[in-house]
Amino acid sequence: MASQGVKSLSNNTSFLDKYNEWLTGDINSISMALAATKCWFIWKERCLRVFEKQERTSEQLVVDISRNFAYWHPQNLDIDTTQPRIKTVHNKLWNFPAKDSLKLNCDASWVSKYTDAGFGCVLRNWLGTGKGAAMGVFRASTAKEAEALALLQTTRWAHQNNLQNLVIEGDNEFTINYLQGKSVSFQ
């Protein structure tokens with residue numbers, strides 16, 4: 001927990017004493033929110049060990065705490081909110097590929113440059129039957145970069161599996177337009 005800002009307690013100070021000190025401070029402060037997040041995750045870890053006979057390493061717990069805090073408190077991170085949101089196109093229905101061909105749908109997940117981003121892809125045939133899937137984790141500085149990396153990772157997976165008669169489909173209009181040679185605005 002030291003890497004998360006909790007120092008060793010000395011002078012016979014208990015965790016409860018330290019928590020009570022935090023309570024006398026600004027209840028809306030970052031340290032209070034972080035302390036509460038840590039307590040909740042420690043409790044969840046205790047329940048995991050007691051009731052499910054499983055455990056995570058302290059490093060895994062720190063990563064989970066960091067990701068949770070970054071997700072729920074993004075205002076405390078150095079995020080550029082002046083960047084426009086990525087425009088996505090949402091089809092309500094999935095369209096089948098042409099007969100005897102495959103469709104590979106991919107997407108990215110990104111919260112901030114301080115947390116891992118991820119991608120996933122699903123391969124289906126012209127009947128809509130699932131034929132494969134892949135996922136992975138990477139770092140990206142922006143949502144646009146994450147979408148581009150997701151498409152790159154999906155393309156690599158398709159190449160490694162020697163997929164033929166393939167359509168790759170994503171929901172990020174900016175990236176797709178750029179790859180198709182259409183005019184896009186870089187900001």
Side-chain angles (χ1 to χ4, degrees), residues 41 44-45 47-48 51-57 59-75 77-187:
F41 269 86
K44 285 177 54 172
E45 180 64 23
C47 290
L48 185 72
F51 299 115
E52 297 183 33
K53 307 292 186 240
Q54 297 176 15
E55 65 182 71
R56 295 176 291 180
T57 66
E59 290 82 9
Q60 291 168 323
L61 188 58
V62 166
V63 168
D64 283 348
I65 291 168
S66 299
R67 285 182 179 163
N68 182 277
F69 189 76
Y71 180 80
W72 289 107
H73 301 280
Q75 70 275 13
L77 300 176
D78 183 25
I79 295 174
D80 184 4
T81 56
T82 61
Q83 282 190 347
R85 289 287 208 182
I86 286 184
K87 182 177 179 183
T88 57
V89 178
H90 297 284
N91 279 341
K92 293 192 180 204
L93 299 172
W94 178 78
N95 295 317
F96 290 87
K99 188 173 185 331
D100 296 322
S101 65
L102 300 167
K103 185 180 270 190
L104 188 56
N105 292 86
C106 67
D107 200 6
S109 174
W110 183 85
V111 175
S112 82
K113 65 183 179 180
Y114 299 106
T115 61
D116 287 336
F119 83 97
C121 62
V122 176
L123 179 67
R124 291 180 275 194
N125 66 12
W126 72 98
L127 300 172
T129 306
K131 293 296 180 182
M135 53 78 82
V137 177
F138 51 80
R139 286 287 183 155
S141 298
T142 66
K144 283 181 184 177
E145 182 184 11
E147 290 287 350
L149 288 171
L151 196 52
L152 175 64
Q153 294 300 326
T154 297
T155 305
R156 284 182 178 161
W157 183 79
H159 181 72
Q160 290 168 351
N161 288 284
N162 196 29
L163 299 177
Q164 305 292 318
N165 293 330
L166 177 69
V167 173
I168 298 178
E169 186 176 77
D171 69 350
N172 181 259
E173 188 175 44
F174 176 88
T175 306
I176 300 300
N177 284 343
Y178 179 78
L179 291 172
Q180 291 175 344
K182 296 178 183 175
S183 178
V184 295
S185 172
F186 288 92
Q187 295 183 4

Partner residues of Glu52 under the side chain to side chain contact (heavy atoms under 4.5 Å, CB included) criterion, sequence neighbours left out: Leu48, Gln54
Those residues that, when tested against Arg139, pass salt bridge (charged side-chain N to carboxylate O under 4.0 Å, His left out) (two or more places apart): Asp116
N/O donor-acceptor pairs under 3.5 Å from side chains in residues 96-109, not counting sequence neighbours:
| residue | atom | partner | partner atom | Å |
| --- | --- | --- | --- | --- |
| Ser101 | OG | Ala98 | N | 3.2 |
| Ser101 | OG | Ala98 | O | 2.4 |
| Lys103 | NZ | Asn95 | O | 2.5 |
| Lys103 | NZ | Glu169 | OE2 | 3.1 |
| Asn105 | OD1 | Trp94 | NE1 | 2.9 |
| Asn105 | OD1 | Arg124 | NH2 | 3.4 |
| Asn105 | ND2 | Glu169 | OE1 | 2.5 |

Lys44 side, atom NZ; Ile65 side, atom CD1 - distance, nearest 0.5 Å: 10.0 Å
Counterpart residues, side chain to side chain contact (heavy atoms under 4.5 Å, CB included), relative to Lys53 (two or more places apart): none
Anything under 3.5 Å between a donor and an acceptor, one on a side chain of residues 126-135, the other on a protein residue two or more places apart or in another chain? List them.
none

If you look only at distance, which donor and acceptor atoms sit under 3.5 Å apart when one is on a side chain in residues 148-157 and the other is two or more places apart or in another chain?
| residue | atom | partner | partner atom | Å |
| --- | --- | --- | --- | --- |
| Thr154 | OG1 | Ala150 | O | 2.8 |
| Thr155 | OG1 | Leu151 | O | 2.7 |

Closest heavy-atom pair and its distance - Trp110, Ala117: CD1-CB, 3.9 Å
Atom pair CD/CD of Glu173 and Glu147 - distance to nearest 0.5 Å: 12.0 Å
Under the side-chain hydrogen bond (donor to acceptor under 3.5 Å, both in side chains) test, residues paired with Asn125 that sit two or more places apart: none
